[in-house]
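The model shown is predicted, which means the values in this text are computed figures rather than measured ones.
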Amino acid sequence: EYLRSLTLNLLFNIISSDPKNETLISIVYNDSIIDHLVWYVSEALTCPWNACLAAKCLGKLKDISSKDGKVLEALEKAEKVGNYIHHLLEQEAEGAISEISGVK
């Protein structure tokens with residue numbers, strides 16, 4: 001899990017450094033990275049910290065994330081899990097939902 005956490009941190013830092021980078025967006029879209037991030041979010045009960053990091057990434061990738069209905073569903077479930085066991089997960093999921101929905 002530690003290596004996964006490092007990978008998610010690295011991905012978030014790359015996305016944050018240049019969120020409009022077309023090459024990066026293309027790679028994320030074509031390599032099904034969104035699907036992998038949704039999987040991490042859906043595993044919130046097993047590893048809430050990685051779910052939290054994945055939610056941060058999905059929020060930054062709002063233009064792609066908003067096109068996939070599974071994203072919001074997974075984030076809403078993670079938000080509920082976070083409400084019970086991991087407050088930061090709740091905050092990140094809520095923030096990602098706001099970003100993707102366009103509601104702040």
Task: The single option from L8, L88, L89 passing side-chain contact (heavy atoms from CB on, under 4.5 Å) against W49 - done: L88

- [ ] Flag the pair E73 and K70 as a salt bridge only when some basic side-chain nitrogen lies within less than 4.0 angstrom of an acidic carboxylate oxygen.
- [x] no

Task: Separation of I34 CD1 from C57 SG (nearest 0.5 Å) - done: 9.0 Å

Open item on the list: Please determine whether side-chain contact (heavy atoms from CB on, under 4.5 Å) holds for the pair K77 and S42, giving the CA-CA distance in whole Å, both sets of side-chain angles, and the decisive distance to 0.1 Å.
Closed with: CA-CA 7 Å; K77 288 178 183 175; S42 69; over 6 Å; no

Task: Same apolar cluster: I15 and I97, side chain cutoff 4.5 Å - done: yes

- [ ] Output the distance between atom CH2 (W39) and atom OG (S32), rounded to the nearest 0.5 Å.
- [x] 15.0 Å

Task: Within-4.5 Å side-chain heavy-atom neighbours: L11 and L53 - done: no

Task: Side chains of E90 and H86, donor plus acceptor under 3.5 Å - done: no

Open item on the list: Please tell me whether L37 and V81 are part of a single hydrophobic cluster in this structure, the criterion being side-chain heavy atoms less than 4.5 Å apart.
Closed with: no

TODO: Take L75 and I100 through the test side-chain contact (heavy atoms from CB on, under 4.5 Å) and record every step on the way to the result.
DONE: CA-CA 10 Å; L75 287 168; I100 293 168; 3.6 Å; yes

Open item on the list: Within the 4.5 Å heavy-atom criterion, are L3 and L6 side-chain neighbours or not?
Closed with: yes

Task: Of N21, T23, I14, I33, the residue whose pairing with V28 passes side-chain contact (heavy atoms from CB on, under 4.5 Å) - done: I33

TODO: Measure from the side-chain N and O atoms of S98 to the backbone N and O of E94, and report whether any donor-acceptor pair falls under 3.5 Å.
DONE: yes

Task: Passing option when E99 is tested against K62, K60, K56 for side-chain hydrogen bond (donor to acceptor under 3.5 Å, both in side chains) - done: K62

Open item on the list: Are I25 and D63 packed together at the side-chain level, in the sense that at least one heavy-atom pair is separated by less than 4.5 angstrom?
Closed with: no

TODO: Examine L45 and L58 and state if one hydrophobic cluster contains both, with Ile, Leu, Val, Met, Phe, Trp and Tyr joined whenever side-chain heavy atoms are less than 4.5 Å apart.
DONE: no

Task: Closest non-hydrogen atom pair, A96 against A55 - done: CB-O, 3.3 Å

Task: Y40 to A51 - nearest heavy-atom pair and separation - done: O-CB, 3.5 Å

Open item on the list: Under a 3.5 Å distance rule, please check whether S16 uses its side chain to pair with a backbone N or O of F12 as donor and acceptor.
Closed with: yes

Task: Polar side-chain atom of N83 near backbone of E79 as donor-acceptor pair, under 3.5 Å - done: no

Task: D18 side chain reached by L24 side chain, heavy atoms, under 4.5 Å - done: no

Open item on the list: If you define the side chain from C-beta out and look only at heavy atoms, does anything of E43 sit under 4.5 Å from N50?
Closed with: no

Open item on the list: Tell me whether L10 shares a hydrophobic cluster with L61, the cluster being built from Ile, Leu, Val, Met, Phe, Trp, Tyr side chains joined at under 4.5 Å.
Closed with: yes

